[in-house]
Amino acid sequence: MAATVIDGKAIAAELRAELARELEELKSQGARPGIATLLVGEDFGAGMYRGAVEKFCAEMGLGYRSETLPADAAERSVVEAVESLNRDPAVSGILPLRPFPPQVSDSVVINSISVDKDVDCFHPFNMGRLALGEPTFPPATPAACMEVLARYLRSEGRDPAEALEGAEVCVVGHSNTVGKPLALLLLNANATTTVAHVYTSNKGNLAKHTLAADYLVVAAGVPHLVGADLVKEGAVVLDVGINRVVLCPACGALNRGKKSPCRVCGAGLADAEAKTVGDADYEAVAQKAKAITPVPGGVGAVTNMMLARNTLRAARLELERR
Ligand code: NAD
């Protein structure tokens with residue numbers, strides 16, 4: 001039986017409407033919710049993300065401030081820029097866009113962000129609160145996974161809190177930004193949470209863990225890492241991976257780029273089609289899973305909404321402190 005497709009775009013649209021109402025209410029009380037980005041240097045990916053945040057803020061009706069420093073900026077100047085953002089009442093949330101140049105330490109900059117404006121949960125204080133199960137700003141991508149799961153369960157007539165309690169959940173990936181904080185959120189929901197990662201795979205143990213999972217979340221950044229053979233019949237699969245690949249026109253194999261010949265059949269890839277795929281082999285896994293998020297249009301579509309939600313929460317807290 002084919003899996004239910006969990007539509008991240010539809011969930012994002014629901015959230016957008018809910019957040020728009022909340023934003024209007026906050027503005028009517030005198031709040032000015034907004035996001036600031038902090039970019040140091042000219043990293044292409046960080047610059048792209050900066051543009052995306054600016055566009056998103058405009059679409060959502062959130063304020064936006066851009067702080068951009070040159071690649072040779074001293075660490076002290078970067079910290080001073082953060083301190084200026086900390087003081088700005090129109091900045092509810094601060095997003096440091098990494099990588100920073102080598103003379104600027106990630107942790108020095110992150111530790112200088114006000115914990116009340118740390119809307120993507122980079123600061124160790126907020127990560128600590130997350131670990132303790134205390135109220136905080138849950139990081140956007142893990143929060144999107146929890147939101148997608150909760151809305152899917154409710155659409156099935158189930159109470160998410162009850163469904164997750166004691167449930168067998170496997171998270172593949174243990175990065176500080178996705179896998180690890182997601183595992184904490186799942187533990188806080190009392191799920192029986194297993195975290196598998198590259199070293200699990202290297203020991204040949206990945207299937208042992210993924211096949212036990214009724215809920216499988218894959219966040220590894222490896223195209224089609226998870227095929228049907230790694231999925232329990234009837235599992236719910238959330239695919240966080242976003243991988244740009246090229247399809248070999250001769251054999252259909254996925255390749256990372258066009259420059260080298262196909263890794264499977266050796267055919268040239270100059271004219272190969274590029275596409276975005278997840279960490280799960282969607283077509284195959286959808287035949288075995290009960291439900292699955294597509295890529296694109298799954299978890300990724302919801303991530304920005306979690307950032308907006310945290311920003312509104314920061315603005316509300318600021319309003320309450322006045
Ligand atoms: P990362 O590179 O920091 O971490 C990858 C994790 O996957 C590591 O814990 C590693 O141990 C594990 N891993 C790698 N190869 C593995 C293998 N063969 N078997 C098992 N585990 C393996 O990546 P990240 O920042 O956590 O991102 C993971 C994926 O999620 C990427 O594709 C990224 O593009 C995507 N992502 C999506 C969103 C979103 O909004 N949907 C946000 C952030 C990241």
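Just so you know, ligand 1 is whichever comes first in the structure, and atom 1 is the first atom listed for that ligand.
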* So, does Lys275 use its side chain to make a donor-acceptor pair with the main chain of Leu247 at under 3.5 Å? -> no
* Asked: For atom 4 (O) of ligand 1, which candidate among Pro181, Ser175, Gly278, Gly241 holds the nearest heavy atom?
  -> Ser175
* Structure fact -> For Asn255 and Pro261, the nearest pair of non-hydrogen atoms, with its separation, is OD1-O, 4.2 Å
* Between Val172 and ligand 1, which residue portion shows a heavy-atom distance shorter than 4.0 Å: side chain, backbone, both, or neither? -> side chain
* Would one find more than 12 heavy atoms of other residues, nucleotides or ligands at under 6.0 Å from atom NZ of Lys55? -> no
* Structure fact -> atom 5 (C) of ligand 1 has as its nearest protein heavy atom Ala220 O, 3.5 Å
* Asked: Is ligand 1 less than 4.0 angstrom away from at least one heavy atom of Thr200?
  -> no
* Ignoring hydrogens and geometry, is there a side-chain-to-backbone donor-acceptor pair from Asp43 to Pro99 under 3.5 Å? -> no
* Structure fact -> Which of Val277, Val295, Leu254, Val222 passes side-chain contact (heavy atoms from CB on, under 4.5 Å) with Asn243? It is Val277
* Is there a heavy atom of Gly179 sitting under 4.0 angstrom from any atom of ligand 1? -> no
* Asked: Identify the closest protein heavy atom to atom 43 (C) of ligand 1: which residue and atom is it, and at what distance?
  -> Thr141 OG1, 3.8 Å
* Structure fact -> For atom 36 (N) of ligand 1, the closest protein heavy atom turns out to be Val240 O, 3.8 Å
* Side chain, backbone, both or neither: Ile242 near ligand 1, heavy atoms under 4.0 Å -> both
* **From the candidates Val198, Val178, Asn202, the one that places a heavy atom nearest atom 22 (C) of ligand 1** => Val198
* Side chains of Tyr64 and Arg50: donor-acceptor distance under 3.5 Å anywhere? -> yes
* Is the closest N or O pair between Asp279 and ligand 1 shorter than 3.5 Å? -> no
* Asked: Should the proximity of Thr303 to ligand 1, defined as any heavy atom under 4.0 Å, be assigned to the side chain, the backbone, both, or neither?
  -> side chain
* Asked: Please state which protein non-hydrogen atom is closest to atom 31 (C) of ligand 1 and give its distance, to 0.1 Å?
  -> Gly221 CA, 3.5 Å
* Asked: Hey, is ligand 1 close enough to Leu206 that some N/O pair sits below 3.5 Å?
  -> no
